[in-house]
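Naming convention: chains lettered A, B, ... in sequence-line order (proteins, then strands); numbering from 1 in each chain.
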Protein chains: 2
Amino acid sequence: MDHCSTCVVRNRAICSALEMDEISLLGKMGRHHKLVAGQTLIWEGEDSLLVANVIDGILKLSTSLSDGREQIVGVVYPSDFIGRPFGTRTQHNVTALTDAHVCTFSSSDFDRFAQSHPELEHKLLERTLAELDRTRRWLLLLGRMTASEKLAHFLLDMSQRLVRPDCANDGPVDGFDLPFGRQQIADILGLTIETVSRRLNDFKVQGLIAVPSRRRIEILDRDGLEGIAEAA
Amino acid sequence: MDHCSTCVVRNRAICSALEMDEISLLGKMGRHHKLVAGQTLIWEGEDSLLVANVIDGILKLSTSLSDGREQIVGVVYPSDFIGRPFGTRTQHNVTALTDAHVCTFSSSDFDRFAQSHPELEHKLLERTLAELDRTRRWLLLLGRMTASEKLAHFLLDMSQRLVRPDCANDGPVDGFDLPFGRQQIADILGLTIETVSRRLNDFKVQGLIAVPSRRRIEILDRDGLEGIAEAA
DNA sequence: CGACAGATTGACGAAAGTCAATTACGGTGG
DNA sequence: CCACCGTAATTGACTTTCGTCAATCTGTCG
């Protein structure tokens, strides 16, 4: 049967570049996988490397040093594409932060299909360019910002992305639940868990935010936060 | 006349995806520009936004904060592509570190041409994916490494890229001239000029490197440097 | 209700940043 | 070819921020 016709992200994922009959062709090569929160996606499939579309849930991409230091290098939402087509293997781990559904393809199948479907490649190119822009802005954050600036940026960024359960973007919202624990926030911002905790507390004391529960954030003074985040 | 037939990077730049007659079509839309070291590339052309191929020289991509803090987010070598096709404007400045030649195209011309030449888009996609990988590894460096680790990585990285004047990759070499001053090294690694100077001096004292002149580096103990750089 | 992981708080240390002074390189002109 | 100048790099003294280690607290879930 055809998963694609009922796929909730088919209009936003790269598949949206394709006509209906092409989609179902691609669909035949794809496999649906369920991941529980914390589970790591294994890139070797039964007989080959994989790439995937995220259908539902939030996942992190991370790399680490031999002594355990970890850096999160990407956060992935529904409709995003993950993995490394064309040759190389991904150099980072992919771990589900929430329960998640992904639609996987063997790299080689996908590569072949993509090469013969320019619209698909074009969509993938646009996404990759956007992701590169985002990642480069992140370099500025990691290289040149203080802990408070990093956190303010992070909270503002999250308020724009985590609006609805399906992560569709509807403009910023002032209250939201983070899909991250403190350690993960630290791994995103290049800080320690203690520094995250302290600066978050500063914001609370300054009346900029409220933290009614571990993962809940409420922005009380957006302008104030933006002041700390600093104009780029 | 046709620049492309004599272009030194035509076999390595994205143009290499095209047949000879297609190249000269693209070539007709391109303009040759000469940049002197220090000059910033202006993205607004006479009537539109630009993208470009680097023919010769080394350029930096950088972003900065309102108070002057700067982060270099990319270093670009001959045959590399720069600029942001498809929609958005580049969010960073491009500055020549050495005298340089670039071949510019109006964004809209390029976009239209690319859309009708899948092989070109494919090449661009592969490059963008590779650049994204590189940038993500850089996140780990900025977020989680100490000053010494950053510098060791940087030097090893440079020794693999700066082999020959044309930057063709021929394997690592132990002596090379950096195209960067200390401030630029600092802006790449998210450090201050003073810290760069001090840690570089440590390496000198430890007999890992020699610095016979301002921009010259000689690696004396590659294994030692790799030990500091740490396994990923 | 209790236990445990996750988060916070505190005291302290270390790494990198800041500010200022000094030195050295590299290019210019005599 | 050498002396001089200006920029870039180095060095030193000091401060600040963040990290480390350890103790305590709290929310969540069985």
Could you give the side-chain donor-acceptor pairs of residues 200-210 of chain A under 3.5 Å, partners two or more places apart or in another chain?
residue, atom, partner, partner atom, Å
A:Asp202, OD2, A:Arg199, NE, 2.8
A:Gln206, NE2, A:Asp202, O, 3.2

TODO: Starting from P on D:dA9, measure out to CG on B:Leu151 and report it in whole angstrom.
DONE: 13 Å

Task: Distance flag, aromatic centroids of B:Phe110 and B:Phe81, threshold under 6.0 Å - done: yes

Task: Aromatic ring pairing A:His32/A:His101, orientation class (parallel under 30°, perpendicular over 60°, tilted between) - done: perpendicular

TODO: Can you tell me which residue pairs pass the side-chain hydrogen bond (donor to acceptor under 3.5 Å, both in side chains) test with a partner in residues 209-220 of chain A, sequence neighbours excluded?
DONE: A:Asp177-A:Arg216, A:Arg216-A:Glu218

- [ ] Taking the side chain as every heavy atom from C-beta outward, state whether B:Arg127 and B:Ile14 have any atom pair closer than 4.5 Å.
- [x] yes

Atom pairs under 3.5 Å: protein N/O with N/O of nucleotides 21-24 of chain D:
residue, atom, partner, partner atom, Å
D:dC21, N4, A:Glu194, OE2, 3.1

Task: Spacing of A:Arg182 atom CZ relative to C:dT9 atom C1', expressed in whole Å - done: 14 Å

Open item on the list: Under the rule for side-chain hydrogen bond (donor to acceptor under 3.5 Å, both in side chains), what residues qualify as partners of A:Asp187, not counting sequence neighbours?
Closed with: A:Gln183, B:Arg144

TODO: For B:Thr135 and B:Glu131, indicate whether the former's side chain and the latter's backbone hold a donor-acceptor pair under 3.5 Å.
DONE: yes

Task: Between C1' of C:dA7 and CZ of A:Arg216, the distance in whole Å - done: 19 Å

Task: salt_bridge(B:Asp157, B:Arg161) N-O dist < 4.0 Å - done: yes

Open item on the list: Strictly below 4.0 Å, N to O, side chains only: are A:Glu126 and B:Arg84 in salt-bridge contact?
Closed with: no

Task: Residues within residues 185-192 of chain B bordering DNA chain C, heavy-atom distance below 4.0 Å - done: B:Gly190, B:Leu191, B:Thr192

Task: B:Asn201 side-chain N/O to D:dT10 phosphate OP1/OP2 under 4.0 Å - done: no

- [ ] Tell me, with the steps shown, if A:Lys60 and A:Glu70 meet salt bridge (charged side-chain N to carboxylate O under 4.0 Å, His left out).
- [x] CA-CA 12 Å; A:Lys60 67 169 183 178; A:Glu70 177 174 322; 2.9 Å; yes

TODO: Starting at atom CD1 of B:Ile193, determine the distance to atom P of D:dA8, rounded to an integer number of angstrom.
DONE: 9 Å

Task: Those residues of residues 204-214 of chain A lying under 4.0 Å from DNA chain D by at least one heavy atom - done: A:Ser213, A:Arg214

Task: Presence of salt bridge, B:Lys150 and B:Glu230, under 4.0 angstrom - done: no

Task: Out of C:dG17, C:dT9, D:dC18, whichever nucleotide has its closest atom nearest the side chain of B:Thr195 - done: C:dG17

Open item on the list: Pick the closest DNA chain D nucleotide for B:Leu200 and for A:Arg215 by heavy atoms, then say which residue is nearer the 5' end.
Closed with: B:Leu200

